[in-house]
Each structure stands twice: as structure tokens, then as C-alpha cells.
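Worksheet: one structure, shown below.
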Amino acid sequence: MNRIAERTHQLLTRHPAPALDLGEVVRLIEREDPLLARDEESVFRLIRSRPDLFRVLDPWRGAWRTLAEGMVVARGSAETTAGWGQQKRPWIVALPPSTEQVGTDQHPLVGRLRESLVWLARALDHDSVAALSRWSLLVREETELRERLLPDEGSRSPTKPA
């Protein structure tokens, strides 16, 4: 068993958000367990090697990734890239064992939403850009709702670092 993958799974399972982008996962590892910190590429390889623990959802596959990166370069500054191209990194979802419930220690509504989004990610058609876009929108809406219901926990969101 890979200690980094196991620890990352524990961290993501305890995190209030149902999914984090790869950069946020790396920052979470660095913050919570600095001895296990690695670069994004290494963490991504480890996560991809454990499909039993993680689901990787990449919104920009193939030619779309090249187009998105080209738009960022063409626009220039970081502040102009905050629009549609914001989610360039893959989403990482920690998969629970099939008998375990997710988010049971949170507000009932937030826990149910988190559990639903994790299970939707498990069954999501990886090749459908439309399905992945809808799921990404649901994750962002869940984040907004969580921030309203749980102000302390909501600040640890996929779009806002702690």
C-alpha cells in the first residue's frame, strides 16, 4: 500500500468538500502532512494508480486542454483567466467503500449533498464533457450552500484555500 495515496484518501474523506482540484489536493497534503508533500505530477500519478480509492474527473481532456491553456497564454494576466478557464486541473474525488456513508458527521443537508456528489462522480461518464460540466456546477453550488450553512467549515472549499 502506498502511504501517500492512503493518507490523501483520509484527508479527502475528512474534507467537507466532495471534490478538490489537483492543486488543492497537493496544498492539503502539504498543510496537513508536510513529510508526504510531493509535486502535482507525482501526486496525480499516485492517485491515478488507485482507482479503488479515487475518481479523477478531468474537465479539459485532449484538444480542450490545449485550447484552454492557449486561451490563458493569449489573455496574458492571471486576473483575466478567472472566468470560464478557472477549472483547468482535474477534480479528485475520494471514493468510500461501498458500505460506508459519506459526510455523516456534518449538517444533515450538507452531508447528503456531499454523499450524493461523491456517488454521482463514481457513476459519471468520464467521456461526457456535458455530464462533467453539470457535475462541476453542482460541486460549486454545494460549496456555496455549505459556506452558508457551515461558515467555519465552508471556508475550506475547493475554490477558496483555508
Side-chain angles (χ1 to χ4, degrees), residues 1-61 65 85-162:
M1 296 264 174
N2 186 316
R3 185 165 178 242
I4 297 172
E6 297 289 331
R7 180 68 176 137
T8 302
H9 186 262
Q10 289 174 346
L11 292 172
L12 287 175
T13 303
R14 288 193 328 229
H15 197 279
L20 296 175
D21 74 41
L22 181 59
E24 190 66 27
V25 170
V26 171
R27 285 189 293 279
L28 181 66
I29 294 168
E30 289 171 352
R31 186 173 54 243
E32 298 292 329
D33 206 340
L35 295 175
L36 296 179
R38 301 287 185 271
D39 62 293
E40 281 189 21
E41 188 64 34
S42 300
V43 172
F44 189 61
R45 270 195 317 273
L46 290 168
I47 287 173
R48 294 288 292 207
S49 71
R50 294 299 306 269
D52 59 319
L53 295 179
F54 303 100
R55 176 84 165 147
V56 177
L57 301 171
D58 191 356
W60 299 103
R61 291 181 310 282
R65 179 168 296 286
Q86 182 177 3
Q87 183 63 37
K88 292 186 304 254
R89 294 183 175 117
W91 288 104
I92 310 298
V93 182
L95 298 177
S98 59
T99 58
E100 182 182 321
Q101 285 192 334
V102 184
T104 54
D105 59 337
Q106 300 174 353
H107 184 282
L109 179 59
V110 172
R112 180 60 61 133
L113 279 172
R114 183 182 194 285
E115 182 178 359
S116 298
L117 287 169
V118 168
W119 283 99
L120 282 172
R122 184 183 289 242
L124 190 70
D125 178 7
H126 181 262
D127 295 325
S128 171
V129 175
L132 188 53
S133 294
R134 285 190 296 268
W135 182 85
S136 295
L137 181 63
L138 289 172
V139 169
R140 295 199 188 282
E141 289 178 3
E142 182 274 343
T143 299
E144 289 177 18
L145 179 65
R146 182 171 19 90
E147 287 173 350
R148 286 189 199 118
L149 291 175
L150 307 170
D152 295 336
E153 291 291 317
S155 64
R156 293 174 28 199
S157 70
T159 55
K160 295 181 183 174

Main-chain N/O of P96 paired with R122 side-chain donor or acceptor, under 3.5 Å: yes
Set of side chain to side chain contact (heavy atoms under 4.5 Å, CB included) partners for L53, sequence neighbours left out: E6, H9, R50
Atom pair OG1/CG of T143 and L20 - distance to nearest 0.5 Å: 9.0 Å
ring-ring contact (aromatic ring centres under 6.0 Å, His included) involving F44 - partner list, sequence neighbours excluded: none
For the student: nearest non-hydrogen atoms of V93 and A19, plus distance: CG2-CB, 3.7 Å
Distance, nearest 0.5 Å, that separates CG of L137 from OG of S133: 9.0 Å
From E142 atom CD to L149 atom CG, the distance as rounded to the nearest 0.5 Å: 9.5 Å
Heavy-atom pair of closest approach, residues P34 and R31: CD-O, 4.4 Å
Residue pair P16 / R146: nearest heavy atoms and the distance that separates them: O-NE, 3.5 Å
Partners meeting side-chain hydrogen bond (donor to acceptor under 3.5 Å, both in side chains) with E30 (sequence neighbours left out): none
Set of salt bridge (charged side-chain N to carboxylate O under 4.0 Å, His left out) partners for E40, sequence neighbours left out: R89
Which residues share a salt bridge (charged side-chain N to carboxylate O under 4.0 Å, His left out) with R48, sequence neighbours left out: none
Nearest non-hydrogen partners of F54 and A94, listed with the distance: CD2-CA, 4.2 Å
Euclidean distance, L95 CG relative to T13 OG1, rounded to 0.5 Å: 9.0 Å
By side chain to side chain contact (heavy atoms under 4.5 Å, CB included) - contacts of R7 (at least two apart): Q10, L11, R14, E32, D33, L36
Residues forming a salt bridge (charged side-chain N to carboxylate O under 4.0 Å, His left out) with D39, sequence neighbours excluded: none
Heavy-atom side-chain proximity of R114 to V118 below 4.5 angstrom: yes
Any T8 side-chain heavy atom under 4.5 Å of I92 side chain: no
Residues in side chain to side chain contact (heavy atoms under 4.5 Å, CB included) contact with L124, at least two apart in sequence or another chain: R55, L57, A131, L132, W135
CA sep, side-chain torsions, deciding dist, call: V56, L22, side chain to side chain contact (heavy atoms under 4.5 Å, CB included): CA-CA 9 Å; V56 177; L22 181 59; over 6 Å; no
Residue list, side chain to side chain contact (heavy atoms under 4.5 Å, CB included) with A130, at least two apart or on another chain: S128, R134
Nearest-0.5 Å distance, CD of residue E141 to CG of residue L117: 9.5 Å
